[in-house]
Colleague: 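I'd like to ask some things about the structure below.
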Amino acid sequence: MRRKLIAGNWKMNGSLAANAVLLDGIKSELSQASCDVAVCVPSPYLAQCKSLLSGTSIKWGGQDVSVHESGAYTGEVAAAMLNDFDCAYVIVGHSERRSYHGESSELVAAKAVRAIKSGLIPIVCVGESLEEREAGKTESVVGMQLDAVLSVIDAGDCSKMVIAYEPVWAIGTGKTATPQMAQDVHAVLRARVASKSASAAETIQILYGGSMKPDNAKELLAMQDIDGGLIGGAALKAADFLAIIRSA
Ligand code: 13P
């Protein structure tokens, strides 16, 4: 039985004051969480997470990482810097970075490798646009996105990452994939992992992301290959995030 992971992606939201209220709210109710819980926050707030979450069962991480080790890369954040703040996770290849920052699947794969080499667990995001879904291309699109990563990591490292299936048309729109639609894609992704490492396919956590909310989390999380959620909007309210955690 795979343990579930509920991870919040705060995106570019938060303030020191608002984060303190949110994290206090989550912490105060979380002693009995039966799943893994994490928040992926803007880099300036990693120090705050380290200070407020150390010693709790909540892990934290970044939302992107540079492929480069260090140097003249203005605006980038190195894996070693995420290590400095005891991050457990880092999101790579979120659709917002693929589309607004032109990140290719090859770049995303290189970032995943960098994260793994640095002891961070990359949460590798894949997902199709509405146009691609309507053209029947969902499996080939997410398959290619995942294959780019699988082709550059060692088989033994497949178990050191998390995959998040995030249909682009469901992100921030209030539209959610039905549990069966999501399950079908998750099964395809798991089969792809199995072709590289059968044992990793058994253990790898494949999260669903895209308007997961308290009122739809339970049925999504009940599906065989849905091992958790990557939560945007609902991770910004302690009550909603906690409700999703309780569904897991
Ligand atoms: P929403 O939950 O706001 O749809 O965002 C999902 C997402 O992009 C998480 O990475």
Side-chain angles (χ1 to χ4, degrees), residues 4-14 18-19 22 26 35-43 45 49 58-65 82 87-101 103 105 108 111-112 115 120-130 132-133 138 141-142 145-146 149 161-179 181-182 185-186 189 205-221 223 226-248:
K4 291 204 172 7
L5 166 62
I6 301 297
N9 173 10
W10 288 5
K11 306 193 179 186
M12 200 176 72
N13 293 294
N19 304 344
L22 176 57
I26 300 169
C35 64
D36 297 335
V37 176
V39 288
C40 293
V41 308
S43 301
Y45 298 133
C49 284
I58 307 168
K59 305 253 194 306
W60 58 95
Q63 297 176 2
D64 187 31
V65 65
L82 298 177
C87 288
Y89 296 95
V90 63
I91 296 171
V92 297
H94 192 281
S95 68
E96 287 149 17
R97 294 213 58 88
R98 290 180 191 260
S99 63
Y100 306 150
H101 300 271
E103 293 197 5
S105 291
V108 172
K111 289 182 172 191
L120 297 160
I121 300 170
I123 302 178
V124 178
C125 300
V126 300
E128 83 287 4
S129 66
L130 184 58
E132 288 162 341
R133 173 161 284 270
T138 299
V141 168
V142 300
Q145 290 170 335
L146 181 57
V149 177
M161 65 178 193
V162 169
I163 298 170
Y165 168 53
E166 299 208 310
V168 177
W169 48 270
I171 294 175
T173 58
K175 289 187 194 141
T176 323
T178 65
M181 278 160 83
V185 179
H186 282 228
L189 295 170
Q205 289 167 316
I206 306 182
L207 315 183
Y208 170 80
S211 299
M212 190 185 268
K213 309 271 183 223
D215 62 359
N216 60 25
K218 205 175 179 74
E219 48 177 7
L220 283 159
L221 293 168
M223 303 308 284
I226 302 185
D227 308 314
L230 186 56
I231 322 293
L236 299 174
K237 287 190 203 136
D240 287 358
F241 194 54
L242 285 163
I244 295 173
I245 291 166
R246 265 182 241 112
S247 310

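All ligand and atom numbering here is 1-based and tracks the order in the structure.
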Colleague: Tell me which donor-acceptor pairs under 3.5 Å the side chains of residues 209-216 have, and how far apart each pair is, sequence neighbours excluded?
Modeller:
from: Ser211; atom 1: OG; to: Ala170; atom 2: O; distance (Å): 2.7
from: Ser211; atom 1: OG; to: Gly174; atom 2: N; distance (Å): 2.9
from: Asn216; atom 1: OD1; to: Lys213; atom 2: N; distance (Å): 2.7
from: Asn216; atom 1: ND2; to: Thr176; atom 2: OG1; distance (Å): 3.1
from: Asn216; atom 1: ND2; to: Ser211; atom 2: O; distance (Å): 3.0

Colleague: Taking Val142's backbone N and O only, do any of them form a donor-acceptor pair with Tyr165's side chain (distance below 3.5 Å, no angle check)?
Modeller: no
Colleague: Could you note down all residue pairs passing salt bridge (Lys or Arg N to Asp or Glu O under 4.0 Å) where residues 87-101 supplies at least one of them, sequence neighbours left out?
Modeller: Lys11-Glu96, Asp64-Arg97, Arg97-Glu103
Colleague: For Asn9, does its backbone N or O pair with a side-chain atom of Gln63 as donor and acceptor, under 3.5 Å?
Modeller: no
Colleague: Could you work out, with salt bridge (Lys or Arg N to Asp or Glu O under 4.0 Å) as the rule, every residue matching Glu128, not counting sequence neighbours?
Modeller: Arg133
Colleague: For ligand 1, list all ligand N or O to protein N or O distances below 3.5 Å, rounded to 0.1 Å.
Modeller:
from: ligand 1; atom 1: 2 (O); to: Ser211; atom 2: N; distance (Å): 3.4
from: ligand 1; atom 1: 2 (O); to: Gly232; atom 2: N; distance (Å): 2.9
from: ligand 1; atom 1: 3 (O); to: Gly233; atom 2: N; distance (Å): 2.8
from: ligand 1; atom 1: 4 (O); to: Gly172; atom 2: N; distance (Å): 2.7
from: ligand 1; atom 1: 4 (O); to: Ser211; atom 2: N; distance (Å): 2.7
from: ligand 1; atom 1: 5 (O); to: Lys11; atom 2: NZ; distance (Å): 3.3
from: ligand 1; atom 1: 8 (O); to: Lys11; atom 2: NZ; distance (Å): 2.8
from: ligand 1; atom 1: 8 (O); to: His94; atom 2: NE2; distance (Å): 2.8
from: ligand 1; atom 1: 8 (O); to: Glu166; atom 2: OE1; distance (Å): 3.4
from: ligand 1; atom 1: 10 (O); to: Asn9; atom 2: ND2; distance (Å): 3.0
from: ligand 1; atom 1: 10 (O); to: His94; atom 2: NE2; distance (Å): 2.9
from: ligand 1; atom 1: 10 (O); to: Glu166; atom 2: OE1; distance (Å): 3.1
from: ligand 1; atom 1: 10 (O); to: Glu166; atom 2: OE2; distance (Å): 2.9

Colleague: May I ask you to decide if Val162's main-chain N or O and Gln205's side chain share a donor-acceptor pair within less than 3.5 Å?
Modeller: no
